[in-house]
Amino acid sequence: MCGMSGGSSWNTRLRELAKEGLFKEGLQLYRQMLRSGDSPNAFSFPFALKACAALSLPLSGAQLHCHVVKTGCDPEPFVQTSLISMYCKCSLVENARRLFQQSPQSRRLTVCYNALIAGYSLNSQFSAALLLFRAMRRAGVMFNAITMLGLIPVCTVPLDLDFGMSLHACNVKCGVDADPSVGNCLLTMYVRCGSVDVARKLFDAMPEKGLITWNAMISGYAQNGLASHVLDLYHKMESVGMDPDPVTFVSVLSSCAHLGAQSVGRDIEWRILSRGFDFNPFLTNALINMYARCGNLARARMLFDEMPEKTLVSWTAILAGYGMHGQGETAVHLFNEMCGVGIQPDGAAFVSVLSACSHAGLTDKGLEYFSEMKRIYGINPGPEHYACVVDLLGRAGQLEEARELIYSMPVKPDGAVWGALLGACKIHRNVELAELAFERVVELEPTNVGYYVLLSNIYSEVENLEGVAKVRIMMRMRNLRKGPGCSYMELKKKVHLFLAGGRDHPQAKEIYSMLDGLEDLVKDSVGSKNKERRVEEVLAGTGVHSEKLAIAFGLLNTQPGTELVVIKNLRVCGDCHVFIKMVSKIVDRKIVVRDASRFHHFRNGVCSCNDYW
DNA sequence: ATAGGGTTAG
């Protein structure tokens, strides 16, 4: 290795590899250097340590630590800082802390504090990060923008918002917030603490919006369930000439999945291909998820099958898709196959397989998974898992068992758990248990209108008019109003929204006359026995339900034979599924009405997208 | 030459 002799050429090459992100190759080169008999020096270690951190190789990192000590480089602050950072990134925070504490005060430079503060924050040791920041200031060490980049992410939940805002104020006072990275970081903090509006104000006020700024805001909307805002902002991004990258597309695709907007998603897929971003596993997973949720299982499956390295997320996305669309057996089969190839399921994978079982009526199978979850995989079920199992038992009519399960929960049941029981009571017309579940759920989610409507519908089904009135009064006292029922349907890259009884769609006239025709056909096909009453029932009180409008619109504007997919905000209000079933038969069309409770912009039963686009 | 940071899927 005559050409490589002398430490500096090794170091140059190491630096190049680190810059390119070729960490594996960097470590190989470091080992090659040792074999060739050259000694690493203080300029070699930071690169090699960075590689261990990036690849999360604590053993190699510790070995490097030995080399550092052997070569006497350990007092060097740069090397010290690299070691601290490496240990933090390998989740060995204790080692990092010890190194920091052992170093003399005089060698604790700003970067050294920065590395440990960021490390604490990365490992969710929030108070430790804060305390160290205070100690830093007491010691008179200057902080800079990068200190803030470590510290700001400490604030992750709404409760942290006050502290986050004080950091923001502090940054403004020192002028640190002018650094675009700090701006991005603050933006992300507001988003994570649920203050999307504040984040947007910050976004609008930022003079130089980089790609990361756009991505932070777009993903912020996505994470807060504001899918239509994601698409708006994405279009704006394109219109100002900012080029999206794979990170952007991940959020956009996730929003298409939430909206059921398959044709927008297809358009995005085309852009991904034309930019050469295919083979990015994040994007492939996002595409699988989008197609699966939109019901295009064939395309989702094709992408999944062609994926060379399927991750846990890929498997979960595809099996959740099958589960959602009633193909529980396929979902279960995929889950088993996944375990068979050695991928360990996590909590989210269990949520998907459990809900697949409950939708497909595979009660025993679901219960089996639930018990395996703790026993074999050591995952403690959270409220989301209990909600699935309550739903599973409830749909199967085992209401008592469901109630018992809730009482035996080691974690506090949340609204979804009691809500699942309430939903089961609706199916099986159990008023007494419904009242109990309602009391609990309303304590936990007093403003979720969906539950009031659910109970009211249970009362009206058993003709308990007093009950219906009771719920109405309760809602009035709490100043709650059921938003109008709303449904939407995607057609040619536009989402068409329908409110119950609404007339503001451009095709309103045609839609209403189509609906009149449909209702007449349905009336005619009801048998003559108890005809009046049956007709009322079938037409569900003859109201102009939003899903009826959506279906009429769909029949007007689509080719015969295509499937109509309607998404509806409240699964529980104004059931007109008998009507839909009959229409479907009469016009010989497959009509699917999907429950939007898992669509975030329908949270609390209120639709937050209020326009066509 | 060397250290510290901001955006990504189920």
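Worth saying up front: this structure is predicted, and the values here are computed from it rather than measured. Proteins come first, then strands; the chains are lettered A, B, ... in the order of their sequence lines, and each starts at number 1.
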Need one value for Asn280(A): base, sugar-phosphate or nothing, where a base atom within 4.0 Å counts as base even if backbone is also close, heavy atoms only.
nothing
Just to confirm, is there a sub-4.0 Å distance from OP1 or OP2 of dG10(B) to any side-chain nitrogen or oxygen of Asn289(A)?
yes
Per-nucleotide protein contact along nucleotides 2-7 of chain B, 5' to 3', at a 4.0 Å heavy-atom cut-off (B base, S sugar-phosphate only, - neither), is BBBBBB
Mind checking side chain to side chain donor-acceptor pair (under 3.5 Å) for Asn380(A) and listing every partner two or more places apart, or none if nothing turns up?
none
Identify whether any heavy atom of Ala286(A) sits under 4.0 Å from a base atom; if not, whether one sits that close to sugar-phosphate; answer base, sugar-phosphate or nothing.
nothing
Please state how far atom CZ in Phe277(A) lies from atom C1' in dA9(B), giving the value in whole angstrom units.
16 Å
Aromatic Phe23(A) / basic Lys50(A) pairing, under 6.0 angstrom, 45° off normal
no
Does Thr311(A) place a side-chain N or O at less than 4.0 Å from the phosphate oxygens OP1/OP2 of dG10(B)?
no
Here the distance between atom P of dA9(B) and atom CH2 of Trp315(A), to the nearest Å, is 22 Å
Nearest-Å distance for atom pair CG/C1', residues Leu287(A) and dT8(B):
13 Å
Rounded to the Å, how far apart are Ile272(A) CD1 and dA9(B) C1'?
11 Å
Among all residues two or more places apart in sequence or in another chain, which pass the side chain to side chain donor-acceptor pair (under 3.5 Å) test with Gln125(A)?
none
Distance-only donor-acceptor hits, side chain of residues 342-354 of chain A, under 3.5 Å, sequence neighbours excluded:
{"residue": "Asp346(A)", "atom": "OD1", "partner": "Ala348(A)", "partner atom": "N", "Å": "3.3"}
{"residue": "Asp346(A)", "atom": "OD1", "partner": "Ala349(A)", "partner atom": "N", "Å": "3.1"}
{"residue": "Ser352(A)", "atom": "OG", "partner": "Ala348(A)", "partner atom": "O", "Å": "3.4"}

Please tabulate, for the side chains in residues 130-157 of chain A, all donor-acceptor contacts under 3.5 angstrom to protein atoms that are two or more places apart in sequence or on a different chain.
{"residue": "Asn144(A)", "atom": "OD1", "partner": "Asn114(A)", "partner atom": "ND2", "Å": "3.3"}
{"residue": "Asn144(A)", "atom": "OD1", "partner": "Ile146(A)", "partner atom": "N", "Å": "3.0"}
{"residue": "Asn144(A)", "atom": "OD1", "partner": "Thr147(A)", "partner atom": "N", "Å": "3.0"}
{"residue": "Asn144(A)", "atom": "OD1", "partner": "Thr147(A)", "partner atom": "OG1", "Å": "3.0"}
{"residue": "Thr147(A)", "atom": "OG1", "partner": "Asn114(A)", "partner atom": "OD1", "Å": "2.7"}
{"residue": "Thr147(A)", "atom": "OG1", "partner": "Asn144(A)", "partner atom": "N", "Å": "2.9"}
{"residue": "Thr147(A)", "atom": "OG1", "partner": "Asn144(A)", "partner atom": "O", "Å": "3.2"}

Whole-Å distance between dA9(B) P and Leu312(A) CG?
14 Å
Review item, side-chain donor-acceptor pairs of residues 72-83 of chain A, under 3.5 Å, at least two apart:
{"residue": "Gln80(A)", "atom": "NE2", "partner": "Asp74(A)", "partner atom": "O", "Å": "2.9"}
{"residue": "Thr81(A)", "atom": "OG1", "partner": "Pro77(A)", "partner atom": "O", "Å": "2.7"}
{"residue": "Ser82(A)", "atom": "OG", "partner": "Phe78(A)", "partner atom": "O", "Å": "3.0"}

